[in-house]
2 protein chains.
Amino acid sequence: MTTPSAHAGYPAFHRQVCSRRDDYIREVFARHQEAIRVKKESVVVRKLAAIFDKTLEISNRHGFQAMSVRDLSEATGISMGSLYSYIESKERLLGMILTYGHVVVDHTLRIPEALTGPRERLHHVLRTHVYITEVMQPWFYFSYMESRHFDRDTREQTIAGELRTERLIADLLDEGVAQAVFPVRDTGLTAALIKPLLQEWYLKRWKYRRRGIGVDDYADRMIAFVDAALNGAAET
Amino acid sequence: MTTPSAHAGYPAFHRQVCSRRDDYIREVFARHQEAIRVKKESVVVRKLAAIFDKTLEISNRHGFQAMSVRDLSEATGISMGSLYSYIESKERLLGMILTYGHVVVDHTLRIPEALTGPRERLHHVLRTHVYITEVMQPWFYFSYMESRHFDRDTREQTIAGELRTERLIADLLDEGVAQAVFPVRDTGLTAALIKPLLQEWYLKRWKYRRRGIGVDDYADRMIAFVDAALNGAAET
DNA sequence: GTCTATATTCGGATAGAC
DNA sequence: GTCTATCCGAATATAGAC
């Protein structure tokens, strides 16, 4: 049941994403330049990295609203005045953090390419999703929990992203049904039931950590559960 | 695939819970009496019902922190001063709302009793959970989303409740394994994977409503999905 | 029991020296 | 680029008349 997918296991995936972190933050800088008064890129990248980390850390404990900019100032060791020359406003900080996550996800959650069989393609997508949400757990948690506080546009953008994932899964299921690999009736609903199994990993990771279940463990088990559900669907 | 369980369908369940609503609120009143300056029970029950409803409504849109007591005052039509003679403080209001949900759940999520087969008992628990979270959707959503802002004790109480549900499912799976009804390997992990399928219903209900999927539809499909996963587990 | 008016604290944001 | 000091609006909570 070990994956015959395009993945070389989680550690390699983790290293790759982390090594590109500065590039991702540079792109965030580029997209929000007008809002950032400091102009020296190397300085900005270093500071933004710290600001994003601490914001996610504090917000995920008490909520973004509850985090005062003063709290953030103390946590990062950057004074209020200085901080505001990087973030412009608290709302803009939110926007930058969302951009950050989207940049990372866009660069990593790529299509399988060489994989052909519907089942293999599905497995790959499920595993990659678990991997990326493991690397970026604080961001996914934040995005999920805070989305209802966003303004209309931002919220709808987030929801659209969510639905895209679900749609991707549904499409893969459709492929499988067309090739008589999965005996699934309603692929849309089935995809909707699979998605919470992906979200489970970043929403309740503490629970699995406490039980000693690691990323690859979870991916293996979750994929097996889904496979069983897809196979057994014939009997319904 | 229609349930041969102790349930007479959702509408009957809904009516029963709603008809007892005043009793539940009376119990909340009893448990928080010292914090409520107004003493006339009939008045308190009526006002608390409105206060709870509006609080859940506003909080579930923008978050409990973001809801000012002024907002609540305007929404309920009760003046600031008057409001404070019912809630003592915003934090106490939070406590009362949590009590409210716990009271309702304690009275409705009862054990199957006469049902014997492990599969039937599991189906019953899953369906009842979907039913109760449908009636009390705003409360469950609130409790899930706000729990990380609670103080230590309250948060741990909420988590304990969560784990109890998961444990209940795991125990039923164990029963089934013992009687060779389910070929499941790790019942703890399987229970952990089933739980998000229950939470899905109150966390993303808008999605299913938009697709025209009702409570009993969801319960049927979700239970079928779980059944298939349990059966197919043998092949792993 | 209900209201209006107000005390007080806190958080976002900026000015301006260095 | 970074800091300290400060402004100002908003939110919780209360006092006290009716």
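Here is the naming used below: chain letters follow the sequence lines, and residue numbers restart at 1 for every chain.
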Minimal non-hydrogen separation, A:Ile159 against B:Trp206, with atom names: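 Heavy atoms only, the tightest pair is CG2-CH2, 4.0 Å.
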Sugar-phosphate only, base, or nothing, as touched by B:Ser68 at under 4.0 Å among non-hydrogen atoms: sugar-phosphate
Contact nearer the 5' end of DNA chain C, comparing A:Phe64 with B:Ser79: B:Ser79
A:Asp71 or A:Glu88, whichever maps to the more 5' nucleotide of DNA chain C: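 Its nearest nucleotide lies further toward 5', so the answer is A:Asp71.
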[Y] and [X] aromatic ring geometry - parallel, tilted or perpendicular at 30°/60° bounds:
{"X": "B:His102", "Y": "B:Trp139", "answer": "perpendicular"}
{"X": "B:His7", "Y": "B:Phe13", "answer": "perpendicular"}
{"X": "B:Tyr10", "Y": "B:Tyr131", "answer": "perpendicular"}

Would you kindly give the [atom1]-to-[atom2] distance between [X] and [N], to the nearest whole Å?
{"X": "B:Ile78", "N": "C:dT2", "atom1": "CD1", "atom2": "C1'", "answer": "10 Å"}
{"X": "B:Leu93", "N": "D:dA13", "atom1": "CG", "atom2": "C1'", "answer": "14 Å"}
{"X": "A:Leu72", "N": "C:dG11", "atom1": "CG", "atom2": "C1'", "answer": "13 Å"}
{"X": "A:Glu91", "N": "C:dG11", "atom1": "CD", "atom2": "C1'", "answer": "16 Å"}
{"X": "B:Arg46", "N": "C:dT2", "atom1": "CZ", "atom2": "C1'", "answer": "13 Å"}
{"X": "B:Ile87", "N": "C:dT2", "atom1": "CD1", "atom2": "P", "answer": "14 Å"}
{"X": "A:Met80", "N": "C:dA15", "atom1": "CE", "atom2": "P", "answer": "14 Å"}

Phosphate OP1/OP2 of D:dT2 contacted by A:Tyr86 side-chain N/O (<4.0 Å): yes
OP1 or OP2 of C:dG1 under 4.0 Å from side-chain N/O of B:Lys47: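 For B:Lys47, the contact criterion (side-chain N or O under 4.0 Å from OP1 or OP2 of C:dG1) is not met.
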Candidates C:dT14, D:dC3, D:dT14 - which lies nearest the side chain of A:Tyr84: C:dT14
Among D:dG1, C:dG1, C:dT2, the nucleotide that comes nearest once only the side chain of B:Ser82 is considered: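 Of all the options, the side chain of B:Ser82 is nearest to C:dT2.
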A:Lys90 side-chain N/O to A:Gln65 backbone N/O, donor-acceptor pair under 3.5 Å: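 Yes.
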Nearest-nucleotide comparison on DNA chain D, the residue closer to the 5′ end among A:Arg70 and A:Leu83: A:Leu83
